[in-house]
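Data first, discussion second: the structure below is written as structure tokens.
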Amino acid sequence: MNIVFMGTSDFSLKSLVALHKNHYNIVAVYTQAPKPFGRNQKIHKSVVHEYAESKGIPVYTPKSLKSTSEVEKFSELKADLVIVSSYGLLIPQNILNIPNYGFINIHASLLPRWRGASPIQSAILSGDKESGITIMKMDAGLDTGDIISMKKINITPKTTYGMLTEEMGNLGTEMILETLNNLEENLSKAWKQPNIESTYASKISKDMCKIDWNNSAEIILRKIMAFSPTPSAWTEIEGIRIKILDADITMEKLHYLNEKTKIPGQLCEYGKEAFVICANNSALKLTKIHPAGKNPMSGNDFLRGHKNLVGKIFS
RNA sequence: CGCGGGGUAGAGCAGUCUGGUAGCUCGUUAGGCUCAUAACCUGAAGGUCGGAGGUUCAAAUCCUCCCCCCGCAA
């Protein structure tokens, strides 16, 4: 069976590696084109691109699949099945129709909740208690295909995007291998998504990552977790831009904080630890932060060199 | 040549502009105080100031080149 793999991120890489190690016949890999990335505008290939190349698998990086030349190239691969995992491009119907077994997608949410680009971050941001992986047959809609299988993962208040992505990647890999084990039967048993209760996870934008200290500590903590370790929730104080990598909602020090004139975003020190006031009489203890131009450090360390900032306001 | 911040004791920083004894807050360590302590007091150890060259009577500081870390942007 000829398999084509389409994916770009670390999440998808795990599945590709597993497929390759299990000796599936991967005839081609599609991934997003190399882009200028990082300092000095160096061109970087995607992790999937690097891996496929190192294993001698042909790599395709079209900017779109809509052109007739791309459709022709694809049909020449004589794919029987395509596995898609956080690829990043829309797949037109005339390509979906080509493989006998169609397209299968590994999606990192419990569909129909969180269709779209950022299912993992969105689940954490909105405070979901659980998420998971859905394996589905792809159709022309955005993550609207029939469901082949679904498994859950718990989310705690301290689950980060990085941690959840790791777990999701492992689970997705496990599930796609199960699916392939008994492909025809699994495909025939697929069921329709309920169209109620669907939600969409839009792409992550810059402003989404900036912290609004007028929210409660709980909401802010979700944002920190959803964007950790990257791109990171951030804030600013006295012109210094600071990423917040980890924090804890603090209860025991609230009585102390309440005696002060609390302003949301105010940096406080208590028992050598750094706190920031949030809305509704809540506060966050800064446990790991990353000031621009510096290396990541604890809140305590930051205070040691910046006593003058105590009492100032994050914005 | 995309824009910018930084490298000084184990950690976080000041000192650089204007050259003149290597500092601060912590940590570590020895002792003291205390019913006791992560609190307080007294002492100690711990630095080739990222590297190389240059200027100078004298360089963390000024000049030249190099290395490393990071933020933005994409």
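In what follows, every chain begins at residue 1, and chains take the letters A, B, ... in the order their sequences are listed.
With P as the reference atom, C41(B) and C66(B) are 49 Å apart, rounded to whole Å. Here the separation of A30(B) from A22(B), taken at their P atoms, is 29 Å to the nearest Å. Going from the P atom of C26(B) to that of G71(B) covers 30 Å, rounded to whole Å. Taking atom C1' on both G4(B) and A45(B), the two are 39 Å apart, rounded to the nearest angstrom. With P as the reference atom, A44(B) and G5(B) are 40 Å apart, rounded to whole Å. Separating the P atom of A9(B) from that of A14(B) is a span of 13 Å, rounded to the nearest Å. A distance of about 36 Å separates the C1' atoms of U29(B) and G19(B), rounded to the whole Å. U8(B) and C13(B) have their C1' atoms separated by 10 Å, with the value rounded to a whole Å.
Contacts classified as side chain to side chain donor-acceptor pair (under 3.5 Å) and involving residues 202-211 of chain A (residues at least two apart or in different chains) are not found. Within the structure, the ring pair (Phe, Tyr, Trp, His ring centres under 6.0 Å) test picks out the following pairs touching residues 283-309 of chain A (sequence neighbours left out): Phe302(A)-His306(A).
Remark: the Ser216(A) side chain and the Ser282(A) side chain contain no N/O donor-acceptor pair separated by less than 3.5 Å.
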Where along nucleotides 69-74 of chain B does protein come under 4.0 Å, by heavy atom, of base (B) or sugar-phosphate alone (S), with - for untouched nucleotides? SBBBBB
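One can place CG of Asn300(A) at 13 Å from P of C13(B), the figure rounded to the nearest angstrom. For the pair Glu273(A) CD and C26(B) C1', the interatomic distance rounds to 14 Å; values are reported in whole Å. Here A39(B) presents its C1' atom at 12 Å from OH of Tyr270(A), a figure rounded to the nearest Å. For the pair Ile289(A) CD1 and A11(B) C1', the interatomic distance rounds to 13 Å; values are reported in whole Å. At whole-Å resolution of the value, CD in Glu269(A) and P in U25(B) are 14 Å apart. Atom-to-atom, CD1 of Ile240(A) to P of G6(B) comes out at 11 Å; the value is rounded to the nearest Å.
Shown for residues 302-315 of chain A: residues whose heavy atoms fall under 4.0 angstrom of RNA chain B, namely Phe302(A), Arg304(A), Gly305(A), His306(A), Lys307(A).
A donor-acceptor pair under 3.5 Å is formed between the side chain of Gln193(A) and the backbone N or O of Asp143(A). Not one N or O on the side chain of Lys35(A) forms a donor-acceptor pair closer than 3.5 Å with the backbone of Ser46(A).
Other members of the cluster containing Leu125(A) are Ile204(A), Met208(A), Phe227(A), with ILVMFWY side chains joined at under 4.5 Å, either directly or via other members. Cluster partners of Tyr200(A), using a side-chain heavy-atom cutoff of under 4.5 Å among ILVMFWY residues and allowing indirect links, are Leu142(A). Summarising the hydrophobic clusters (Ile, Leu, Val, Met, Phe, Trp, Tyr; side-chain heavy atoms under 4.5 Å, direct or chained), the residues clustered with Trp114(A) are none.
Judged by Watson-Crick or G-U wobble contacts below 3.5 Å, the nucleotide A11(B) has U25(B) as its partner. Pairing partner, U34(B): none, since no Watson-Crick or wobble contact has both distances short of 3.5 Å. As the counterpart of G71(B), C3(B) is assigned, both hydrogen-bonding distances of the Watson-Crick or G-U wobble pattern falling under 3.5 Å. A 3.5 Å limit on both hydrogen-bonding distances identifies no Watson-Crick or G-U partner for C17(B). When both pairing distances are held under 3.5 Å, C49(B) makes no Watson-Crick or G-U pair with any nucleotide shown. Across all strands shown, the partner of C62(B) is G54(B), judged by Watson-Crick or G-U wobble contacts whose two distances both fall under 3.5 Å.
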Just distance, no hydrogens or angles: give the donor-acceptor pairs under 3.5 Å from side chains in residues 99-106 of chain A, sequence neighbours left out.
from	atom 1	to	atom 2	distance (Å)
Asn100(A)	ND2	Asp80(A)	OD1	2.9
Tyr101(A)	OH	Glu184(A)	OE2	2.9
Asn105(A)	ND2	Val84(A)	O	2.8

Name every donor-acceptor pair, under 3.5 Å, that has one atom in a side chain of residues 230-244 of chain A and the other anywhere in the protein, sequence neighbours excluded.
from	atom 1	to	atom 2	distance (Å)
Ser232(A)	OG	Pro229(A)	O	3.0
Thr235(A)	OG1	Trp213(A)	NE1	2.9
Thr235(A)	OG1	Ser315(A)	O	3.2

